[in-house]
Structure formats: C-alpha cells, structure tokens
Amino acid sequence: MSELNRWVDAISEWYEERKHDQVEKLEPLILTPPDSIWGPTITDTQSKAIACWLDGCLRLYKANQFCAQQKAFQFLQLAQARLQSVVSDPMSELDLKDWCMKRLQHLTVLSLEFCNQQDGKQWQSESNQLIEAHVHFMASHQWNEKQWNEEKPQSRVMH
C-alpha cells in the first residue's frame, strides 16, 4: 500500500468515526500529508486526498478561529501556500491547477474576512499584504478562467 493510500485511509477513518470535533487527531494528518498528494498528475486517490486535506485545513481554521486566532490564520496560510505550490508547478495537470486556483480565491477572501474581524494594526497590515500577494500571484500566472473553462476537458478533480 502506498503512502498516499495509507494517508487517505487514515483521514477517511477520521471522517467515518465522526471525530469532527476532535481536531487534535486531525491536526497531525493535515501537517504530515504525503508529497504525492500534490500531483502533478491526478488520480482518483490523489483527488480525494487533496480535497480532504483542504477540508481538514478549513476545519482546523474553524476550530481555532475564536480561541487561537494566530493558529487559525496559520492553517489558512498553509492551505494557500500548498495550493500556490501546485499551481506554480509546471508539471501539474491543468485541471488540477484550475481546481487549486478556484480554491485559492476562496481562501484569500476567507483570510481577508478573518483579518478584518481582528483588532490591531498588525491584522490590517496582514490584510493589505494578502491583497498585494494575491494580485501578484494571479498576475504572474495570467490565469484566465473564462478562456480555461471554454477549453478544458471534463475535470477529474473533486469539487
């Protein structure tokens, strides 16, 4: 059994046992995914893994949102960094890049909303940096969603 399959089995077990409120068992899974989760090609297992990994990041963000703001924000940043890495990999399949780009836009909005709900100048500064970084990233990849959607084949990535 591959490392990816073992990881998918472990996170599937977490979901099946309805441990949704037990984030202490989820955190190690999210922090130690196998490298093969990030592609560059898409298999059914890889697709399930990346979707579960992102969902896990969002669950950890939500669990820490009010009691450990810095930690919550770090899970959003981790998700953004990983997805940006996939998009930046020239070997990544186009529909995997497209899936990641769409999620990156959502994560950026979520991060901005989070920063704007916090008190202090540091969070306003973080918000400004997020906007600049996102604009720069999108421009550097010249991602044209309309053009891509007209040309792309049927996607194999989980929605």
Side-chain angles (χ1 to χ4, degrees), residues 1-89 91-118 123 126-127 129-131 133-134 137-138 141 143 145 148-149 152-159:
M1 181 180 286
S2 74
E3 185 181 8
L4 179 61
N5 285 332
R6 281 191 297 277
W7 189 89
V8 168
D9 287 349
I11 199 142
S12 294
E13 182 180 312
W14 183 85
Y15 279 104
E16 288 170 11
E17 292 182 10
R18 305 218 189 280
K19 296 179 182 174
H20 299 233
D21 61 337
Q22 297 177 15
V23 294
E24 68 278 352
K25 293 181 181 181
L26 176 62
E27 191 170 323
L29 289 169
I30 298 307
L31 295 176
T32 60
D35 289 337
S36 56
I37 197 174
W38 313 115
T41 58
I42 302 169
T43 65
D44 289 342
T45 303
Q46 185 269 347
S47 179
K48 179 178 180 176
I50 198 169
C52 289
W53 182 86
L54 179 57
D55 179 67
C57 281
L58 293 173
R59 287 174 187 273
L60 290 167
Y61 158 73
K62 290 273 189 199
N64 291 289
Q65 185 175 6
F66 300 108
C67 60
Q69 289 85 3
Q70 192 63 40
K71 186 174 185 177
F73 187 68
Q74 288 172 342
F75 279 108
L76 290 178
Q77 294 300 287
L78 174 64
Q80 284 184 296
R82 287 293 195 164
L83 297 184
Q84 285 175 343
S85 174
V86 172
V87 170
S88 298
D89 183 350
M91 301 303 292
S92 293
E93 289 185 7
L94 284 178
D95 44 346
L96 177 58
K97 287 183 180 191
D98 183 60
W99 187 89
C100 289
M101 279 293 224
K102 289 175 183 172
R103 274 51 186 194
L104 278 168
Q105 291 177 10
H106 171 74
L107 286 168
T108 300
V109 170
L110 192 59
S111 296
L112 289 170
E113 288 175 351
F114 177 78
C115 288
N116 291 333
Q117 292 170 357
Q118 306 308 308
W123 290 107
E126 192 69 52
S127 178
Q129 290 174 15
L130 279 169
I131 292 168
H134 183 68
F137 183 81
M138 296 300 280
H141 290 282
W143 203 257
E145 190 172 332
W148 167 245
N149 284 333
K152 78 175 182 177
Q154 184 175 2
S155 177
R156 295 179 301 185
V157 179
M158 292 184 73
H159 302 284

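- Atoms CG and CD, on L29 and E13 in that order, are 9.0 Å from each other to the nearest 0.5 Å.
- Using a 4.5 Å cut-off on side-chain heavy atoms (C-beta onward), I11 and W7 make contact.
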- Message: Determine whether T108 and Q80 satisfy the following criterion, side chain to side chain donor-acceptor pair (under 3.5 Å), listing intermediate values before the conclusion.
- Response: CA-CA 8 Å; T108 300; Q80 284 184 296; 3.0 Å; yes

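- Remark: W53 pairs with W38 by the ring-ring contact (aromatic ring centres under 6.0 Å, His included) rule, at least two apart or across chains.
- Using the six-membered ring where Trp is involved, F73 and F114 have ring planes that are parallel, under 30° apart on the 30 and 60° scheme.
- W99 has its side chain within reach of I50: a pair of non-hydrogen atoms, C-beta onward, lies under 4.5 Å apart.
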- What's the verdict on side chain to side chain donor-acceptor pair (under 3.5 Å) for Q77 and Q74, showing C-alpha distance, side-chain angles and the deciding distance? CA-CA 5 Å; Q77 294 300 287; Q74 288 172 342; over 6 Å; no

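- Here the closest non-hydrogen pair linking T32 and P28 is OG1-O, 2.5 Å.
- Of all heavy-atom pairs between F137 and S88, the closest is CE1-OG, 3.6 Å.
- Looking at S92, its side chain does come within 3.5 Å of a backbone N or O of V86 through a donor-acceptor pair.
- Contact annotation: the side chain of K62 never approaches that of F75 to less than 4.5 Å [non-hydrogen atoms, C-beta and beyond].
- To the nearest 0.5 Å, atom CD of residue E126 and atom CD of residue Q118 are 11.0 Å apart.
- Residues G56 and I30 share a closest heavy-atom pair of CA-CD1, 3.7 Å.
- The shortest non-hydrogen separation linking Q46 to G39 is NE2-N, 3.5 Å.
- The structure places CG of L26 at 4.5 Å from CH2 of W14, a figure rounded to the nearest 0.5 Å.
- At least one donor-acceptor pair under 3.5 Å links the side chain of S111 to the backbone N or O of L107.
- Between E27 and L60 there is a side-chain heavy-atom pair separated by less than 4.5 Å.
- Side-chain contact between V87 and L96: absent, with no pair of heavy atoms (C-beta onward) separated by less than 4.5 Å.
- Residue D98 holds its CG atom at 8.5 Å from CZ of R103, rounded to the nearest 0.5 Å.
- With values rounded to the nearest 0.5 angstrom, Q70 atom CD is found 11.0 Å from N64 atom CG.
- Rounding to the nearest 0.5 Å places CG of L104 at 7.5 Å from CE of M138.
- Salt bridge annotation for D44-K48: absent, with no cationic side-chain nitrogen under 4.0 angstrom from a carboxylate oxygen.
- For the pair Q105/V109, no side-chain contact is recorded, criterion being any heavy-atom separation below 4.5 Å from C-beta on.
- Residues S47 and I42 come closest through the heavy atom pair CB-CG2, 4.1 Å.
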